[in-house]
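Owing to the predicted nature of the structure, the values given are computational and were not obtained by experimental measurement.
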Amino acid sequence: MSTLQPVRGTHDLLPDEMRAFRHVVETGRTTASRYGFDEMATPIFEFSGVFARTLGDTSDIVTKEMYTFADRKGESITLRPEGTAGVARAFISNGLGNDLPFKVFYSGPMFRYERPQKGRQRQFHQIGVELIGVPDPQADVEVIALGRHILDSLGLKGNVTLEINTLGDTESREAYRGALVNYLSGHIGLLSADSRDRLERNPLRILDSKDEGDRAVIANAPLLGEYLNPASRTFYDDLKNGLMDLGLDFVENPRLVRGLDYYGHTAFEFTTDALGAQGTVMAGGRYDGLIKTMGGGATPGVGWAAGVERLSMLLAEPPATTRPVAMIPAGADPMIKREAMILTERLRRAGFAVDLGFSGNMGKRMKRANKVSARVAVIFGEDERLARAVTLRDLDSGEQATVALDRMEDTVRAMLAGTAEVAIGGI
RNA sequence: GCGGGUGUAGCUCAGUUGGUUAGAGCGCCAGUUUGUGGUACUGGAUGUCGUCGGUUCGAUUCCGAUCACUCGCCCCA
């Protein structure tokens, strides 16, 4: 183990891992575009206020997890801990409120100063979508359907369950918060230290506690559902009906809450039991108050974010590498080496991925061709050079034939398509 | 931030009840095969035994600290 370590909670994405990672992001991007979401990107750092104000003063993200520093001018800068605040800021900065709905997909690194665990790094990556400007729960349904579609396309191993809940509108939530605090205060002696602390900061979070004593108290706590006003109830019913219309299975989880203050109404998570404690793979909700809080016009929004590392770990099988064509120069004549390079470039210009080993005799080069899982070998030695031809070998079947140089590209193409008659009569 | 576990070759791991040359499998390199790969056989290279310090005649082994990873909590994607 080297002493040259990367910073805690960061790690390198080596090619194998990167391939899985990119597959997740590309699946997200192409699926999102089918739902009318265009890609955008915001800076990976913002003025600290963008996050501090919008995420809520009490969230852990703000209080202890942000990578915040002063730049050379003394401005407080923060590496983004999540994507929604930046998109909302961009929405306001660029005056996009006149062309609604605004539907975007994004991907990129996020940063949180947390204790690393599997599926939880300090620099991690998310894909996410935001649908801004639609107050109707149809928007929530579309966003959730897109999420499920991506997860399905990824063919994840293990079950990924959709859990939903409603946080109600502000009025309902405030009424409930009062009732909940009132109830919990009556049992404060039974609550864990963590939860006693949360009673002040974020009482809804106590519903989510894993502490056994807490759970006993929570079992008899009032439910948010009992405090929903008619508008909030209708919203939630419309959401559930919309999901059912599309055949999207879900489980209602009345204890599902959000860590970030700007959420209201819909909250949802896609979870798996295959990742231990880090089982949430995609999560989101509705944030009708966010943009106004940030200084824009009152504009509703709904969206989700998903952890790319977590999704890559769930991929049933890693995406295949492209099988290249292997160029095999054979023989000592320097002209062979030079012409092989020219032929390699010709094939690449014709659209093929070509592997050209830089050294070794023919046997060694063939081994290499096998190692890079080449499908076709293009053998070019003294005989071929004099005959102005190449020998094309199908590395799966072992059949090979020699064809004139001007037929090289077409024949390779036919072989890769599986339509080649390899007995392509001599030269 | 709190509590537990782990750290030996590129990878997965064995081992040393404190003693001089630290092992296996896989992978890698070479050869059997100077124009033909995958299989097989033969040979080879690679370790500051995570780091720093302490105890000791002697530490990879014991102790402490530290760093990283890991499991749970917190929180969250």
Side-chain angles (χ1 to χ4, degrees), chain A residues 1-11 14 16 24 55 58-65 81-84 107 109-128 147 192-195 197-198 201-202 205-206 208-212 214 257-260 269-272 275-284 304-314 326 328-333 336 357 360-385 391-400 402:
Chain A
M1 196 120 331
S2 168
T3 51
L4 247 196
Q5 293 174 327
V7 174
R8 183 177 205 197
T10 67
H11 70 289
L14 299 179
D16 280 345
V24 169
L55 299 180
T58 59
S59 76
D60 274 32
I61 291 183
V62 170
T63 53
K64 53 186 197 199
E65 293 175 2
E82 56 98 44
T84 303
S107 74
M110 306 291 166
F111 305 84
R112 290 183 200 171
Y113 195 92
E114 298 183 282
R115 181 142 177 182
Q117 264 178 250
K118 191 208 288 286
R120 188 173 78 180
Q121 279 84 44
R122 287 184 174 179
Q123 176 179 337
F124 62 106
H125 298 78
Q126 289 186 331
I127 56 175
S192 65
D194 278 332
S195 288
D197 186 41
R198 280 184 288 217
R201 284 190 297 122
N202 193 350
R205 264 282 162 206
I206 298 175
D208 215 14
S209 175
K210 289 172 187 162
D211 181 85
E212 285 197 24
D214 288 351
V257 294
R258 285 276 78 104
L260 308 180
E269 289 186 2
F270 287 92
T271 60
T272 173
L275 290 177
Q278 262 57 53
T280 301
V281 112
M282 177 183 282
W304 53 250
V308 177
E309 283 84 354
R310 289 182 187 180
L311 290 174
S312 321
M313 285 188 285
L314 289 175
I328 315 278
D333 188 333
I336 291 174
N361 58 26
M362 185 169 179
K364 220 172 289 184
R365 288 172 185 270
M366 287 298 284
K367 271 186 209 269
R368 177 180 167 80
N370 205 60
K371 201 170 68 180
V372 299
S373 71
R375 179 67 210 291
V376 172
V378 179
I379 297 163
F380 184 73
E382 196 54 35
D383 297 345
E384 286 85 356
R385 191 175 83 84
T391 296
L392 300 178
R393 180 178 179 83
D394 184 316
L395 292 171
D396 287 350
S397 68
E399 292 173 47
Q400 67 182 47
T402 301

Flag side-chain contact, heavy atom, 4.5 Å: A/I336 against A/E384: no
Pairwise P distance, B/rC29 and B/rG4 [rounded to whole Å]: 45 Å
Between B/rU16 and B/rG43, how far apart are the two C1' atoms, rounded to whole Å? 28 Å
For B/rC75, which nucleotide is its Watson-Crick or G-U wobble mate, given both distances must be under 3.5 Å? none
Distance in angstrom units between A/E65 CD and B/rC76 P, rounded: 7 Å
Between A/R115 and A/E269, who's closer to the 5' end of RNA chain B by nearest nucleotide? A/R115
A/E82 has an atom CD; how far is it from atom P of B/rC75, in whole Å? 18 Å
Can you tell me the distance, in whole Å, between the CH2 atom of A/W304 and the P atom of B/rA77? 13 Å
Measure distances between side-chain N and O atoms of A/E384 and base N and O atoms of B/rG35, and say whether any donor-acceptor pair falls under 3.5 Å. yes
Using the test side chain to side chain contact (heavy atoms under 4.5 Å, CB included), find all partners of A/M313 that sit at least two apart in sequence or belong to another chain. A/K118, A/L275, A/R310
At less than 4.0 Å, is any side-chain N or O atom of A/K367 found next to OP1 or OP2 of B/rG38? Yes or no. yes
Would you mind classifying the nucleic acid contact of A/G398 as base, sugar-phosphate or nothing, using non-hydrogen atoms under 4.0 angstrom? base
With both distances under 3.5 Å as the test, what is the Watson-Crick or G-U wobble partner of B/rU6? B/rA68
Quick check on B/rG50: is either OP1 or OP2 less than 4.0 Å from any side-chain nitrogen or oxygen of A/Q5? no
Please determine if A/R122 forms a cation-pi arrangement with A/Y113, meaning its NZ or CZ atom is less than 6.0 Å from the six-membered ring centre and no more than 45° off the ring axis. yes
Among B/rC28, B/rG38, B/rG35, which nucleotide sits nearest the side chain of A/T391? B/rG35
Decide yes or no for A/M110 and A/P81: does some side-chain heavy atom of the first lie under 4.5 Å from some side-chain heavy atom of the second? no
Take the protein atom CZ of A/R120 and the nucleotide atom P of B/rG1, then report the distance between them rounded to whole Å. 12 Å
Pairwise C1' distance, B/rG27 and B/rG54 [rounded to whole Å]: 39 Å
Please report the distance, rounded to the nearest Å, between NZ in A/K210 and P in B/rC74. 5 Å
Just checking A/G331: base, sugar-phosphate only, or nothing, at a heavy-atom cut-off of under 4.0 Å? nothing
Pairwise C1' distance, B/rA14 and B/rA24 [rounded to whole Å]: 7 Å
Could you work out the separation of B/rG25 and B/rG15 based on their C1' atoms and round it to a whole Å? 15 Å
Can you figure out which of B/rU70, B/rC75, B/rC29 approaches the side chain of A/K118 most closely? B/rU70
Near RNA chain B, which residues from residues 374-382 of chain A have a heavy atom under 4.0 Å away? A/I379, A/G381, A/E382
Ignoring hydrogens and geometry, is there a side-chain-to-backbone donor-acceptor pair from A/R393 to A/V376 under 3.5 Å? no
Ignoring hydrogens and angles, does a donor from either the side chain of A/R368 or the base of B/rG37 sit under 3.5 Å from an acceptor on the other? no
Considering the options A/I328, A/T402, A/V378, which one meets the side chain to side chain contact (heavy atoms under 4.5 Å, CB included) requirement together with A/T391? A/T402
Looking only at atom P, what distance separates B/rC13 and B/rC71, rounded to whole Å? 13 Å
Check step by step if side chain to side chain contact (heavy atoms under 4.5 Å, CB included) holds for A/I379 and A/M362. CA-CA 9 Å; A/I379 297 163; A/M362 185 169 179; 3.6 Å; yes
Looking for any heavy atom pair under 4.0 Å, which part of the strands does A/G9 touch: base, sugar-phosphate only, or nothing? sugar-phosphate
Assign each of A/D208 and A/M282 the nucleotide of RNA chain B bearing its closest heavy atom; nearer the 5' end lies the nucleotide of A/D208
Could you let me know what B/rC49 is paired to, Watson-Crick or G-U wobble, both distances under 3.5 Å, or none if it's on its own? none
Using the side-chain heavy atoms of A/E114, tell me which of these nucleotides is nearest: B/rC76, B/rC75, B/rG72. B/rC75
Watson-Crick or G-U counterpart of B/rC62, or none if no pair lies under 3.5 Å: B/rG54
Take atom CE of A/M362 and atom C1' of B/rG35, then tell me their distance rounded to the nearest Å. 5 Å
Partner of B/rC29 by Watson-Crick or G-U wobble geometry, both contacts under 3.5 Å, or none? B/rG43
Is A/A369 touching bases, backbone alone, or none of the nucleic acid, heavy atoms closer than 4.0 Å? nothing
note: A/E309, atom CD; B/rA77, atom P; distance rounded to Å ~ 14 Å
Could you tell me how far B/rC69 sits from B/rC62 if I compare only their C1' atoms? Round to whole Å. 24 Å
Please report the distance, rounded to the nearest Å, between CD in A/Q123 and P in B/rA77. 17 Å
Quick check: do A/D208 and A/R198 have side-chain heavy atoms less than 4.5 Å from each other? no
Could you work out, with salt bridge (Lys or Arg N to Asp or Glu O under 4.0 Å) as the rule, every residue matching A/R375, not counting sequence neighbours? A/D394, A/D396
With a 3.5 Å cut-off and heavy atoms only, can you find an N or O donor on one side and an acceptor on the other between the side chain of A/R205 and the base of B/rC76? no
Among the candidates B/rG35, B/rC67, B/rG31, find the nucleotide nearest to the side-chain atoms of A/K364. B/rG31
Paired nucleotide for B/rC13 [Watson-Crick or G-U wobble; both distances under 3.5 Å]: B/rG23
So, does the side chain of A/R8 form a donor-acceptor pair with the base of B/rC67 at under 3.5 Å? no
Which whole number of Å gives the distance between the P atom of B/rA30 and that of B/rG37? 14 Å
Side chain to side chain contact (heavy atoms under 4.5 Å, CB included) for A/E309 and A/V24? Distances and angles first, verdict last. CA-CA 9 Å; A/E309 283 84 354; A/V24 169; over 6 Å; no
With heavy-atom distances below 4.5 Å as the criterion, would you say the side chains of A/N370 and A/K367 are in contact? no
